[in-house]
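Below is one structure, written out as C-alpha cells, with a few remarks after it.
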Amino acid sequence: MTFRYDDVTAAAARIAGHTRPLTLCPADPGEFHAAGSAGSAGDTARVWLAQEFLQHTGSFKARGALNFLSAHRASGTLTDAGVVIASGGNAGLACAWAAARHGVPAVVFVPETAPAVKVGRLRALGAEVRQTGTEYAQAQEASRRYVEETGALAAHAYDDPLVAAGAGTLMEEVHAALPELDTVVVAVGGGGLFAGVATAAREHGVRVLAVEPEHCRALNAAIGAGEPVDVPVDSVAADSLGARRVSGTALERALSPDVRSLLVPDEAVAAARRALWDGRRLAVEHAAGTALAALTSGRYAPEPGERICVVLCGANTDPSDLAGVPA
C-alpha cells in the first residue's frame, strides 16, 4: 500500500474543521542544545515545537483515524458492525474518538502492558477494550481474528495509506506557518506519522529526521536490511513506538536522500521529556521525548541558522514520574 502527496491534500480537505489546528511554539535560544555544545555552529539554529499533543485524544493519531473512517463512510465500507484496531493506546484512542463521531462501535485490542491512563481513556470514549499479549504485534493478531469472526472494518495503527495521509496533514500546517523551514524532526514507531510527514515534506523541500530509540528501531533496521524486518522492542517509549516491524511505505520514504535515520538512547529520551517538564511544564509521552532527544543528546548537530521543527506527537502519559511523586 502506498500513497502520494495528492492523498495528503485530499485528507486535509476531508478532515478540515474537525481536527484542532496545530500549535507551534518557538524555543528559546539555546534551550534544547546538547550539553556542552555552547559556542557550536548550532547556536544560531532556530527551533520550533509542534505541539500536536494538544490534538483531539492527545496525539496526532486523530488525523489519520478521522481521515480513514471518513473515507470509508463516503465509500460505503463503514457499516454498523463498526471498526476494530490493535494499538499501543494512541491509535485506539483516535479510532474510538473518530468512530464515535461517525456513530459506530469501536473495539480496541491493546497489550496487557498498555498504560492504565490510555486504557481508561479508551473506555471513557466508549470503546470496547480487549487486552492481550505484551506487545503490539500480539494485539494485532488478536484483532485480525476478531475481524474474521465479525466482519468489522479493520483499521491499522499505521500501515494504511489513509492513516498515513491523515498524519501528513500535520506537515501541511507546519509548512503553512513556517514556509522557510529546513528540517522537521519526528519520532518513528511503525512509520505512519513519518511516512505522511515525509511525503508532504518532500513536496516542500524540507529534510526529515526520523528518530527512534536504540532498542526500538524498526525503521533503522529496515534501512539496513533493505526491507522491513522484525526487531526486538525494549524501550521506555515502547508503549507508543513499539512496532516490531515498520511499514513498507515508511521504508520507501526513508530511502530518500532528504531523510536521515537517527537512534537515541533511552536515557536521552527520558532526559528530553524531563526537560520539557522542567522548562515548560509540558507533560508529554516518551515518543515526543524521542524526537526532541535528537537535539538534546547531540545525535543531530544543526547547521548555522538552520530552521528546525520538532514534532511533539503525543501526551497520553502518567505525569507522576515527572512531578517526582509516587505513582
Verdict with reasoning, V231 to E212, per side-chain contact (heavy atoms from CB on, under 4.5 Å): CA-CA 12 Å; V231 298; E212 299 171 279; over 6 Å; no
same_hphob_cluster(L255, V246) at 4.5 Å side-chain heavy-atom cutoff: yes
Aromatic plane relationship, H204 with H175 - under 30° parallel, 30 to 60° tilted, over 60° perpendicular: parallel
Contact check, side chains of R274 and T296, non-hydrogen atoms, under 4.5 Å: no
R145 and E148 ion-paired at < 4.0 Å: no
Separation of L292 CG from S297 OG (nearest 0.5 Å): 9.0 Å
Flag if over 12 foreign heavy atoms under 6.0 Å of CG, D80: no
Output field: ring centroids H102/F68 closer than 6.0 Å: no
N220 and V188, any side-chain heavy atoms less than 4.5 Å apart: no
Nearest heavy-atom neighbours spanning A315 and A283: CB-O, 3.3 Å
Heavy-atom donor-acceptor pair, S59 side chain to G314 backbone, under 3.5 Å: no
side-chain contact (heavy atoms from CB on, under 4.5 Å) assessment of L162 paired with H72: CA-CA 10 Å; L162 290 168; H72 278 282; 4.0 Å; yes
E172 bridged to R63 by N-O distance under 4.0 Å: no
Shortest non-hydrogen contact between F194 and A250, atoms and distance: CE2-O, 3.2 Å
Validation row: L282, F53 side chains within 4.5 angstrom (heavy atoms): yes
Connected via hydrophobic side-chain network under 4.5 Å: L241 and V310: no
Lys/Arg-Asp/Glu bridge criterion (N-O < 4.0 Å) met for R207, D258: no
Check: P304 main-chain N/O paired with T44 side-chain donor or acceptor under 3.5 Å: no
Any donor-acceptor N/O pair, D182 side chain to R307 backbone, under 3.5 Å: yes
From T23 atom OG1 to Q55 atom CD, the distance as rounded to the nearest 0.5 Å: 9.0 Å
Rounded distance [0.5 Å steps], OG1 in T19 versus CD in E173: 6.0 Å
Polar contact flag, side-chain donor to acceptor under 3.5 angstrom, S235-H215: no
Heavy-atom closest contact (V197 atom, M171 atom, distance): O-CG, 3.8 Å
Close side-chain approach of I308 to Y300, heavy-atom, < 4.5 Å: yes
Smallest separation among heavy atoms of A62 and H56, with atom names: CB-O, 3.4 Å
Flag, side chain of K61 to backbone of G92, donor-acceptor distance under 3.5 Å: no
Candidate pair L49 and L276, rule side-chain contact (heavy atoms from CB on, under 4.5 Å), full reasoning: CA-CA 10 Å; L49 303 177; L276 287 167; 4.1 Å; yes
Under 3.5 Å: donor-acceptor pair, side chain of D266, backbone of P213: no
Derivation of the side-chain contact (heavy atoms from CB on, under 4.5 Å) call for D239 and T113: CA-CA 8 Å; D239 66 304; T113 53; over 6 Å; no
R273 side chain reached by L322 side chain, heavy atoms, under 4.5 Å: yes
Cation over ring face, R281 and W277, 6.0 Å, 45°: yes
Whether S70 side chain and N67 backbone form a donor-acceptor pair below 3.5 Å: no
Shortest non-hydrogen contact between C95 and A65, atoms and distance: N-CB, 3.8 Å
pair P302-L295: side-chain heavy atoms closer than 4.5 Å: yes
Path from L263 to V211 over hydrophobic side-chain contacts below 4.5 Å: no
Atom CZ of R4: over 12 foreign heavy atoms under 6.0 Å: no
Hphob cluster co-occupancy, V163 + L193, side-chain heavy atoms under 4.5 angstrom: no
For the student: nearest non-hydrogen atoms of L170 and F60, plus distance: CD1-CB, 4.2 Å
Heavy-atom check, side chain of V184 versus side chain of V311, under 4.5 Å: yes
Polar side-chain atom of D159 near backbone of S247 as donor-acceptor pair, under 3.5 Å: no
Cation-aromatic face contact R253/F3, 6.0 Å, 45 degrees: yes
Separation between OG1 of T317 and NE2 of H286, rounded to the nearest 0.5 Å: 6.5 Å
Check: S256 side chain, V259 main-chain N or O, donor-acceptor pair, under 3.5 Å: no
Hydrophobic cluster identity match, Y158 and I223, side-chain contacts under 4.5 Å: no
pair P265-R299: side-chain heavy atoms closer than 4.5 Å: yes
